[in-house]
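First the structure, in the form of structure tokens, and then the observations on it.
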Amino acid sequence: MSASESKVEDLTEDAARGELERLHEVLSKADIAYHQNDAPEITDAAYDAAKKRYLEIEAAFPQLGQPDSLSTKVGAAPAEGFAKVQHGVPMLSLGNAFEDEEVSDFVARAKKFFMPDSLRDPEFMLDFVAEPKIDGLSASLRYEDGVFVRGATRGDGVVGEDITANLKTIDDIPKQLEGSGWPAVIEVRGEVYMSHAEFQRLKDHSARFGGQDFVNPRNTAAGSLRQKNSEITASRKLNFFAYAWGVAEDADGNPMPPAETQWEMVEKFKSWGFKTNPLMIRAESAKGLLDQYRKIESQRASLGYDIDGVVYKLNRLDLQQRWGFVARAPRWAIAHKFPAELAWTRLEAIDIQVGRTGALSPVARLMPVTVGGVVVSNATLHNEDYIAGRDSRGDTIRDGKDIRIGDWVQVYRAGDVIPKVADVDLSKRPDTAVPYAFPTLCPECRSEAVREEGDSVRRCTGGLICPAQAVEKLRHFVSRAAVDIDGLGAKQVEFFYAMCWMAEPADIFTLTDRDSSGERLVRDPEAVLQYLTDDEDGAATTLDELYEMLETAGVVPEGRAPAQIAEAIRKLGQLPLAKLKGWGGTSAGRLFSAIDERRTIAFRRLLFALGIRHVGEVVSADLAKHYGEWVRLTAAMDAAYPAMERHLAAEAAIAAERREAADAGRRAQITRVRDATWVAEPAVPQESRAAWDDLIGIDGIGAIVGVALVAAFAQSAERSSIDRLVSHLSVTPEAAPVAQDSAVAGKTVVFTGSLERMTRSEAKSMAEQLGAKVAGSVSSQTDILVAGPGAGSKLKKAEELGVDVISEDDWFTLVGR
DNA sequence: CAGCCTCGAGTTCC
DNA sequence: CTCGAGGCTG
């Protein structure tokens, strides 16, 4: 380094900033040069010295820490700002098999499904392909006229992230397809992975230079692909195997699969310049597939890259199409996974977390142990019964062995991701170990925690009194799929909640005004602290956390007594956000404008954000489509209330009748009791019943979801919280369906029986696109019933009500397709 | 009323 | 990713 280098403590802030920038550049360049050609431009000693100096300056001037500081660059940087890409054809996941028997079942299902073909044609033969399942990251590569134009991650399967620049650095990915015969547009899909050799090279390098902590090849490959600077990606060697495809179209946009079988397709990929896996084989029986599984398993360690199983696919593409899909997975393919890696460790503690719905979830705190290449120190214990050694039906699991603190337990990563406790070693159980007593009081707010009949989870009854539930609700509200406010993440929300600046979603939208007026506290710190200190145990940690937060905020209480902390919180309430440590004027301003951006919000997002039990993204969207405008939803919920109560009363009466009947040894007269409850109660107005029936008539919404919804909007506290929130917002009505001039626009349609030309969800989205409403059950509101073969009760009801009944073919004629 | 499928909720590590 | 619960079909 230069001779003019001064001691770190003598540097001015400006000088430090300048030097940091210079060193950052030197080090980054050296990193890239090293990775790209294995020929460092500076000596190792010089590199080490530069790195040391960099870290020293950074430590002395933490305020200068850059987001891409070399000291914080570890593994996969949480990348934001990759553009979203919608896949032409969704990228699906695969069903799993672990046992040989499940593989035989898979083959047997195929044989059964295609039985008619083999009866008709004695030559008919089913064959499958088997290939290793690479443990990497799926990517989809779009080629137009043979030129690589865009590459994306899998994402949620429908929308991924544009990582074209990074994928272009991978040698195995042709920028221009070779050979000929490729469709005008094709999405080639496969797995990006890192070889063991490359992973080792990176690890050795980082060990020498005190750099990043690379955990395993998969994570490293993921981190490399998510680099914003693709030079870094280029400096790490990644590989790609092609094995699947999405869109394949000719120049006129017509579907054009360039082959007839999976096997030929992969051969084509090879001829176009892709790498394909050499261990792929064809087989005609379960035995053939399993033989290949064993062969691949035996070679696993020597392949030079990670695999986590073997994938089997039906070979013929036309048959794949005929066999179809279940949910998001093809029926015609299955992943046979290698047994999960297991590890033994000690269970040091069981903590209880409280979720947004009040669910108490036990989490195992473990002595850290490596499982499948990752150090695991927490694992889920599911619920009360799981700890006790029972499953949801009350049958024993783990031979009925319960789990106790201090036990030696076996952990594995389910799906190679989520750590779970699988087993207990009774021989190592300490004599002092006692059965775990699951709390019956909420550990956060001391409210009673109850288990409803038939429910596997115990829930805190504190509602919004419970700080854990309040915070979790707020976290859910600001989460990505919900309101998604830039600069207001889970951490900030927790902070604002603890500081009494926010207690419910509405408070987010009054923050700006309160910040300028100086009246920031929405709760009384004394009251908050009162219950924190009310109890001997549990409170200490929470107070500690609060103390720590105040320190971070730059307001240090004069002592640690609750009164002093409350005083500090109050003082904090007089500071504008921009004055808090970690918040400058810019970031505060940015937050306020991000909040403003969300004052206009789509109906479905708002509804989802409320976090009503059983109301997730899909149900919210369905409700938004049904009601269109927010006021129509609230009006319907209000109207439905009496009928909802009546429904509950009827359910209760039926349950009572069941019990009585069981005691008396006779058959329960359910219909009579149900009818009696409705008839005997003229107090329920007809319009209330109509609103209720309309609600639970929506496809996918039944009585339980209905009760949760109506109750949320009726309960005075919850409803006023919702109304307070909505008063700050402008709710965008759900967009009216695109085509208004179709024959079915505005009609309510129900599909029943088995549909042959389309799946149920296709039928639903098609009808919706044409402006129709899709309901799940037939009522007087129904205009058309589309009945396939095997239609039963709905058909009968439609006939009784005089609803138009048409066939699937009629439907296509009606909509002109 | 049983069995299938979809959706919601909770979880870990980076 | 997995489990359980809720909804729907047959």
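Chain A is the first sequence line, chain B the second, and so forth, proteins listed ahead of strands; every chain is numbered from 1.
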Quick one: which of [options] gets closest to the side chain of [X]?
| X | options | answer |
| --- | --- | --- |
| Val374(A) | dG8(B), dC13(B), dT11(B) | dC13(B) |
| Gln353(A) | dC13(B), dA5(C), dT11(B) | dT11(B) |
| Asn96(A) | dT11(B), dG8(B), dT2(C) | dT2(C) |
| Arg613(A) | dC3(C), dC7(B), dA9(B) | dA9(B) |
| Asp699(A) | dA9(B), dC8(C), dC14(B) | dC8(C) |
| Lys420(A) | dC3(C), dA9(B), dT11(B) | dC3(C) |
| Ser361(A) | dT11(B), dT12(B), dG4(C) | dT11(B) |

Worksheet item: Would Arg459(A) and Thr357(A) count as having a side-chain donor-acceptor pair, cut-off 3.5 Å?
Response: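 Present: a donor and an acceptor within the cut-off.
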
Item to complete: Using only heavy-atom distances, determine whether the side chains of His196(A) and Asp306(A) contain a donor-acceptor pair under 3.5 Å.
Response: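 On atom types as modelled, these side chains qualify, holding a pair under 3.5 Å.
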
Does a side-chain N or O of [X] approach OP1 or OP2 of [N] to a distance below 4.0 Å, or not?
| X | N | result |
| --- | --- | --- |
| Arg413(A) | dC1(C) | no |
| His614(A) | dG6(C) | yes |
| Thr357(A) | dG8(B) | no |
| Asn378(A) | dC13(B) | yes |
| Ser377(A) | dC13(B) | yes |

Worksheet item: Is Val457(A) touching bases, backbone alone, or none of the nucleic acid, heavy atoms closer than 4.0 Å?
Response: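 Contact class for Val457(A): none.
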
Worksheet item: So what does Asn383(A) hit on the nucleic acid, given a heavy-atom distance under 4.0 Å: a base, only sugar-phosphate, or nothing?
Response: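 The residue Asn383(A) makes no contact with any strand.
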
Worksheet item: Between Glu651(A) (side chain) and His647(A) (backbone), is there a donor-acceptor pair under 3.5 Å?
Response: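 Answer holds: no.
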
[N] [atom2] sits how many Å from [X] [atom1], rounded?
| X | N | atom1 | atom2 | value |
| --- | --- | --- | --- | --- |
| Gln469(A) | dA9(B) | CD | C1' | 13 Å |
| Glu617(A) | dG10(B) | CD | C1' | 15 Å |
| Lys337(A) | dC1(C) | NZ | C1' | 9 Å |
| Leu225(A) | dC14(B) | CG | C1' | 15 Å |
| Ile701(A) | dT6(B) | CD1 | C1' | 13 Å |
| Tyr386(A) | dG4(C) | OH | C1' | 15 Å |
| Arg459(A) | dG8(B) | CZ | P | 15 Å |
| Ile418(A) | dC14(B) | CD1 | P | 13 Å |

Fill in: Side-chain ion pair, Asp351(A) and Arg365(A), N-O less than 4.0 Å
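Answer for the salt bridge query: yes.
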
Item to complete: Give the ring-plane orientation class for His476(A) versus Phe608(A), where under 30° counts as parallel, over 60° as perpendicular and anything between as tilted.
Response: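 Rings of His476(A) and Phe608(A): perpendicular, as their planes differ by over 60°.
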
Fill in: Side chain proximity check, Tyr386(A) to Arg398(A), heavy atoms < 4.5 angstrom
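Of all side-chain heavy-atom pairs linking Arg398(A) with Tyr386(A), at least one is under 4.5 Å.
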
